[in-house]
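Start at 1 with the first residue, then count along the sequence.
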Amino acid sequence: MMQITASSAMWFLPFVLPICLWVAWSDLRVMKIPNLAVLALAAVFVVIGLIALPLDQYPWRLLQLGIVLLVGIVMNAAGLIGAGDAKFAAAAAPFIALGDLRLLCVILAANLLAGFTAHRIAKYTALRRLAPDWESWSRGKKFPMGLCLGGTLGIYLVLGALYGA
């Protein structure tokens with residue numbers, strides 16, 4: 001059983017899922033995760049988190065945002081991830097129950113494999129004609145991580161709604 005409650009996942013899901021789709025689409029289209037999407041995700045947690053979570057968990061979840069942001073800044077400075085990816089991961093962090101971190105890593109790993117494979121297949125086949133002007137097709141080895149980051153958070157919350165505590 002997951003640590004996130006089904007109730008909190010269901011509270012978050014209708015607000016978070018459209019943002020995750022926006023992030024994935026934007027990163028595919030222009031290789032950028034909009035700051036507005038990151039701010040919207042954080043705002044959803046700040047407001048809905050007060051309803052969806054027990055009050056004793058709320059400040060710890062906000063602390064997760066700060067910790068992931070600091071780690072993301074260091075990773076970005078080292079050239080490991082993009083700034084948008086770091087900011088999105090930080091804004092997504094409070095939605096994750098700490099006890100589900102191992103599951104989240106599995107979901108992310110599966111999403112990375114599936115997303116990278118699907119993107120590369122589409123890039124080099126006729127599927128590319130469905131969105132011929134996407135920036136992500138012409139960025140060489142760079143990959144739109146927002147596709148996988150948004151997908152991971154969305155899948156985590158859907159699984160939480162179905163199998164949460």
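The backbone N or O of Met2 lies less than 3.5 Å from no partner atom in the side chain of Asp100, so there is not a single donor-acceptor pair. Under the 3.5 Å distance criterion, the side-chain polar atoms of Ser138 are matched with a main-chain donor or acceptor of Glu135. Ser26 contributes no side-chain N or O that, together with a main-chain N or O of Trp22, makes up a donor-acceptor pair within less than 3.5 Å.
In the hydrophobic clustering of this structure, Ile51 groups with Val46; members are Ile, Leu, Val, Met, Phe, Trp, Tyr whose side-chain heavy atoms approach within less than 4.5 Å, directly or through other members. Tracing side-chain contacts under 4.5 Å through hydrophobic residues (I, L, V, M, F, W, Y), one never reaches Val71 starting from Phe88; they form parts of separate clusters. When hydrophobic clusters are built by joining Ile, Leu, Val, Met, Phe, Trp and Tyr residues whose side-chain heavy atoms come closer than 4.5 Å, directly or via intermediates, Ile81 is not grouped with Val68. Linking Ile, Leu, Val, Met, Phe, Trp and Tyr residues whenever their side-chain heavy atoms come within less than 4.5 Å places Phe15 and Leu53 in a single cluster. Follow the hydrophobic side-chain contacts under 4.5 Å out from Leu62 and you reach Leu153 in the same cluster.
The two residues Gly154 and Cys20 make their nearest non-hydrogen contact at N-SG, 3.9 Å. Closest approach of Ala161 to Ala6, counting heavy atoms only: O-CB, 3.6 Å. Looking at every heavy atom in both residues, Gly160 comes nearest to Ala9 through C-CB, 3.5 Å. In this structure, Met31 and Pro144 approach most closely via the heavy-atom pair SD-CB, 3.8 Å. Minimum heavy-atom separation, Pro18 to Pro14: CD-O, 3.2 Å.
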Just do the side chain to side chain contact (heavy atoms under 4.5 Å, CB included) check on Tyr156 and Ile4 with the steps written out, would you? CA-CA 9 Å; Tyr156 171 76; Ile4 190 172; 3.3 Å; yes
Ile96 and Arg61: CA distance, side-chain angles, deciding distance, side chain to side chain contact (heavy atoms under 4.5 Å, CB included) verdict: CA-CA 8 Å; Ile96 311 302; Arg61 296 282 191 97; over 6 Å; no
Working for side chain to side chain contact (heavy atoms under 4.5 Å, CB included), residues Phe95 and Val44: CA-CA 10 Å; Phe95 294 95; Val44 166; 4.1 Å; yes
Could you check Gln64 against Leu98 for side chain to side chain contact (heavy atoms under 4.5 Å, CB included), going step by step and ending with a plain yes or no? CA-CA 9 Å; Gln64 289 174 203; Leu98 199 53; 4.2 Å; yes
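Within the model, atoms CG of Leu147 and CD1 of Ile33 stand 10.0 Å from one another, a figure rounded to the nearest 0.5 Å. Distance CZ/Phe116 to SG/Cys148: 10.0 Å, rounded to 0.5 Å. To the nearest 0.5 angstrom, Leu70 atom CG is 13.0 Å from Met75 atom CE. From Thr152, atom OG1 reaches atom CG of Leu104 across 6.5 Å, with rounding to the nearest 0.5 Å. Taking CG of Leu108 as the start and CD1 of Ile155 as the end, the distance is 10.0 Å to the nearest 0.5 Å. Distance check: Asn111 CG to Ile107 CD1 gives 8.0 Å after rounding to the nearest 0.5 Å.
Under the 4.5 Å side-chain criterion, counting only non-hydrogen atoms from C-beta, Asp27 is in contact with Asp85. Gln3 places none of its side-chain heavy atoms less than 4.5 Å from the side chain of Leu101. In this structure, Lys141 and Phe143 have side chains that are not in contact, with every pair of non-hydrogen atoms separated by 4.5 Å or more. No side-chain heavy atom of Val38 sits under 4.5 Å from any side-chain heavy atom of Pro34.
With sequence neighbours excluded, the residues forming a side-chain hydrogen bond (donor to acceptor under 3.5 Å, both in side chains) with Ser136 are His119, listed by chain and number.
Surrounding NZ of Lys123 are more than 12 heavy atoms belonging to other residues, nucleotides or ligands, all under 6.0 Å away.
The distance between the ring centers of Trp134 and Trp137 falls below 6.0 angstrom. The distance between the ring centers of Tyr58 and Phe45 falls below 6.0 angstrom.
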